[in-house]
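Reviewing the structure listed below.
Atoms considered below: every heavy atom in the structure, side chains included; atoms not considered: hydrogens, waters and symmetry mates.
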Amino acid sequence: MTGAYDSVLSKPFLGLQSHLTRRVVFSLYILIELAYLYWRVFFSLGGAPSVYAWALIGAEFYVIVSGFWFYYLLGPKMEHKEPPKLSRELTVDVFIATYNEEVDLVRTTAIATRDMDYPHRTWICDDGRRPEMKAMAESLGVGYITRPRNEHYKAGNLNNALSQTDGDLVMVLDADHIPRRSFLKRTIGYFEDPLVALVQTPQIYYNTGSYQHRTSVSKGLLWHEGRIFQHRIMAGAERAGCAFFIGTGGLLRRSALEEIGGFATGSVTEDIFTSMRLHAEGYHSVFVDEPLGFLQAPKSPHAYATQRLRWAQGGLQILRIENPLFKRGLTLFQRIAYLHSLSHAMAAFPNLLFYLVPALYILFYLNPINAAPEIVIPMIFAHLVVNLIVYRLLAAPDGRLLESSFFKFINLPILIRATFRLLFPKGLPFRVTPKGRQAKVPPILWLPAVVLTLFHTLAIAVALRRVFDGELTFVVASISMFFSGTFVVLGLYVLRRTFGIKVEDEVVYVPINSDTLVRHSGHVDWQLARLQCLGPSLAVVDGPIEAQVGDLVQLDLTAIGMWRPISGRVAKAYPASVRNRLTAEVQLVDLDKEEQEAINRFLFNTALPNFLGGFVDSQGSGPPPDPVLLHRREGKPPLAAFQPGATASTGRSRGRSGSLGPPSGSYYRVGPSPTPQGGQPAGPSPSAAGLRLDLMTTPPTQPKQAKPLSWVNPRSSRSRLVHHSSPIGRIKPDRAGPAWAYVRIPSWAAQSVVSEPITYADGQSQGEKTLAPPPALSLEIDDLLVDYLDSKDKSN
């Protein structure tokens, strides 16, 4: 499955990456659109244009000008860069804002936040005043802040936390936003510039089965609605000096916040409001387009509608309170950017008019264009074709026309409703985006599609009758029916997608595709299998197992920190194409808190960065996954660290650079760390134990003399020590100094290697060194070498 997703993420697109070429295309687009507007105003209205005709020209003007700004911001993907180094350490307070989210959801976020690498303090800011949330915070050793009332919603919650803390910087996270260990290290350096008040990261969603995702491995599709905004618009806004806070995943300077009176109140979208005030005071912002945290997209249509309605009404509230056009301190580009973002709800009315024009012409003879058909038809189609080509060239690979059209229509009634709420603001509610699974689809998402489909179906039927009666020419009727037919297809697609999502069956998991061991519960024999996917409570396993739905099985997950075999019950079973193999969905059971934390750490610090790293950048660039520190025993330093994806890949690798762990069957050379006196060649940095692990691009040059080791696994109750106890033969050293042994390591056990130097035995034989058996050459599976290491401690 991982290989299939890799092919999706690396699939080539037509999008232009050259800055010069994009400027040329953008300039030509502006000239063509201005020429079209000139024709519409001076040559397509006739003698006395109606209000309806001017309204359509106004709608076209609004859309074209919005398109100019859209493509201006839409540059190539942002290149990853190293943050500056701080001249002094800054203190950080991290606020996890929560109101009514489940305790387990917040707990996962709190653990990941607490374990970030840079020194900081974590606070759960609970506006729900829940005793169970306070108890959870105390059990994790993080702070807990609440307040007696909920004035100003989320902004008031954050301001209350500001008043009770004193860190130089403030990091804001939503209840479901799980940061990576390296989050602060990758962002805090930008605050070396005293004018930087905000560093914002993108929202990267890990539940790829949500309402706003379009995921299909077979069709080569992995996309979500916010992708073009999160990774292209925000990057362009940063280049234009107007990247803004998006509510979560942001790091802000406390002194700058205090200067503007804290997080802005008066709007349900306090994030962009706060950013606008910071920019007006002359502060700068930075956007870091790296996968540094993961959160949930709205799972259901109901959650999606709730979120988008809040965003739209919040933007309109800000326009009414502090219009950016008249805000002192903002630059011209910042005024345009904020006006465009805050007024996006206004786009609903031009779009509504476009949806109605063909049917209005057929049903009521309302013609907004007074020109000869032989001129109108080529001009309209040329205008549409140019827009399609430019969108394909400049917005790819993040922009998808069909899906964008779907969400544009879905948002139409939501934006109109938000506008009416602005006109009648009494009792505007604040609704948190639901995090659970709501199977009910609100009428605001499906009723307009029904109306659109029926309206244009009626228009097509009337057009056919009028052509038959001679009231309309065939050419004119065909053009109208073409556009009406397009909207009928769009309405049916909206209904199919909206009602077709199975939210109640959604399971969040990550493709892993690595080796594991599995056995039936209570049996002795273990069988090698393939772990295809892993989630917080679900594993998808493929292998020669005889399992049926309801059977209890055990999985060996020691490579990701499990201390014992993990039990699970087979929830689903699918016969695989390979003989004697079965793909089974195993629901993990009886997980204690430490084991659940180990799974979450692996998923959000290693698995998801690898899987979704390509989701951000199809070329696979970006920061490497956080290192997995192994053998973290009480009171003892880690013996080794394996950096997933940091080694060079071999020809046998199935993934890109940055894939999970080493490929199966890779050759490694294990030996002592290089020292200046030893004369050994330069290589990777030594591990914490002073040892070295190199991934070789080719097998040993003399396989007969350096055959791979045979690994055995005693699987004692307390130890998971994989070792070799027989001579490894003879190998010819290629230089003076300690020799290297070439070993072949199975991928299920290659998360970390701990070894001691392999020394020469006395004597020579025909000019070759004879290696003694390596008694201490071992493979560590997490921190389970208790017996072995205790004995070494005693002997030392």
Side-chain angles (χ1 to χ4, degrees), residues 95 97-100 125-128 145-165 170 172-175 197-198 200 237 242-250 252-283 285 306-330 334-346 348 414-433:
F95 299 154
T98 177
Y99 173 61
N100 60 358
C125 305
D126 180 22
D127 248 7
I145 298 176
T146 188
R147 55 183 180 149
R149 291 179 298 275
N150 302 102
E151 293 96 346
H152 303 303
Y153 311 115
K154 183 179 178 181
N157 188 11
L158 297 175
N159 286 332
N160 177 61
L162 271 178
S163 66
Q164 301 184 46
T165 55
V170 171
V172 179
L173 294 174
D174 281 347
L198 166 68
Q200 180 63 55
C242 48
F244 53 84
F245 182 38
I246 55 178
T248 183
L252 300 99
R253 191 183 298 272
R254 177 185 291 270
S255 60
L257 284 173
E258 292 174 345
E259 187 174 339
I260 63 171
F263 290 93
T265 59
S267 169
V268 294
T269 51
E270 78 295 328
D271 44 14
I272 191 172
F273 202 179
T274 301
S275 304
M276 187 174 73
R277 289 181 173 178
L278 289 172
H279 282 136
E281 292 297 325
Y283 287 103
S285 57
T306 301
Q307 182 191 72
R308 298 314 162 99
L309 181 61
R310 185 178 73 249
W311 289 357
Q313 78 180 38
L316 295 175
Q317 284 175 328
I318 297 173
L319 284 177
R320 187 176 60 188
I321 298 172
E322 293 183 21
N323 194 305
L325 285 179
F326 312 107
K327 181 73 175 175
R328 295 183 60 182
L330 294 178
Q334 288 171 343
R335 294 177 192 274
I336 296 174
Y338 280 112
L339 180 65
H340 182 265
S341 298
L342 298 175
S343 63
H344 76 279
M346 300 298 184
I414 297 174
L415 301 182
I416 293 176
R417 184 177 178 181
T419 304
F420 281 106
R421 282 191 171 184
L422 177 69
L423 298 176
F424 307 99
K426 183 178 179 180
L428 278 177
F430 177 87
R431 292 190 175 93
V432 177
T433 304

**Message:** Nearest 0.5 angstrom please: S275 OG to L252 CG, how far?
**Reply:** 7.5 Å
**Message:** Working to the nearest 0.5 angstrom, can you tell me the gap between I272 CD1 and R277 CZ?
**Reply:**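 Taking CD1 in I272 and CZ in R277, the distance rounds to 13.0 Å.
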Is the side chain of [X] donor-acceptor paired with the backbone N or O of [Y] at a distance under 3.5 Å, no angle test?
X    : Y    : answer
T248 : D174 : yes
T269 : W311 : no
Q313 : V268 : no
S285 : L198 : no
H344 : S341 : yes

Which residues share a side-chain hydrogen bond (donor to acceptor under 3.5 Å, both in side chains) with [X], sequence neighbours left out:
X    : result
N150 : D127, R129
R149 : E151
D126 : R130, Y144

**Prompt:** How far apart are the C-alpha atoms of I318 and M276, what are their side-chain angles, what is the distance that settles it, and do they pass the side-chain contact (heavy atoms from CB on, under 4.5 Å) test?
**Reply:** CA-CA 10 Å; I318 297 173; M276 187 174 73; 3.9 Å; yes
4.5 Å side-chain heavy-atom contact, [X] and [Y]:
X    : Y    : answer
L325 : L330 : no
V172 : F245 : yes
P324 : L319 : yes

**Item:** Audit row: Y99, N157, side-chain contact (heavy atoms from CB on, under 4.5 Å) steps and yes/no
**Value:** CA-CA 9 Å; Y99 173 61; N157 188 11; over 6 Å; no
For [X] and [Y], which heavy atoms make the closest approach, and how far apart are they?
X    : Y    : result
A155 : E270 : CB-CB, 3.6 Å
N160 : Q164 : OD1-NE2, 3.2 Å
L415 : A312 : CD2-CB, 3.6 Å
A348 : I416 : CB-CG1, 3.7 Å
A97  : L158 : CB-CD2, 4.4 Å

**Request:** Please step through side-chain contact (heavy atoms from CB on, under 4.5 Å) for the pair L316 and M346, ending with a clear verdict.
**Result:** CA-CA 9 Å; L316 295 175; M346 300 298 184; 3.8 Å; yes
**Request:** Taking side chain to side chain contact (heavy atoms under 4.5 Å, CB included) as the test, write out the residues that go with T165, two or more places apart.
**Result:** D93, F95, W123, I145, R254
With a 3.5 Å cut-off and sequence neighbours excluded, list the donor-acceptor pairs that the side chains of residues 255-265 form with protein atoms.
residue : atom : partner : partner atom : Å
E259    : OE1  : Y283    : OH           : 2.5

**Prompt:** Who are the ring pair (Phe, Tyr, Trp, His ring centres under 6.0 Å) partners of Y338, not counting sequence neighbours?
**Reply:** H279
**Asked** Per the salt bridge (Lys or Arg N to Asp or Glu O under 4.0 Å) rule, which among R328, R335, K327 passes with E322?
**Response**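 That would be K327; it is the only one of R328, R335, K327 passing the salt bridge (Lys or Arg N to Asp or Glu O under 4.0 Å) with E322.
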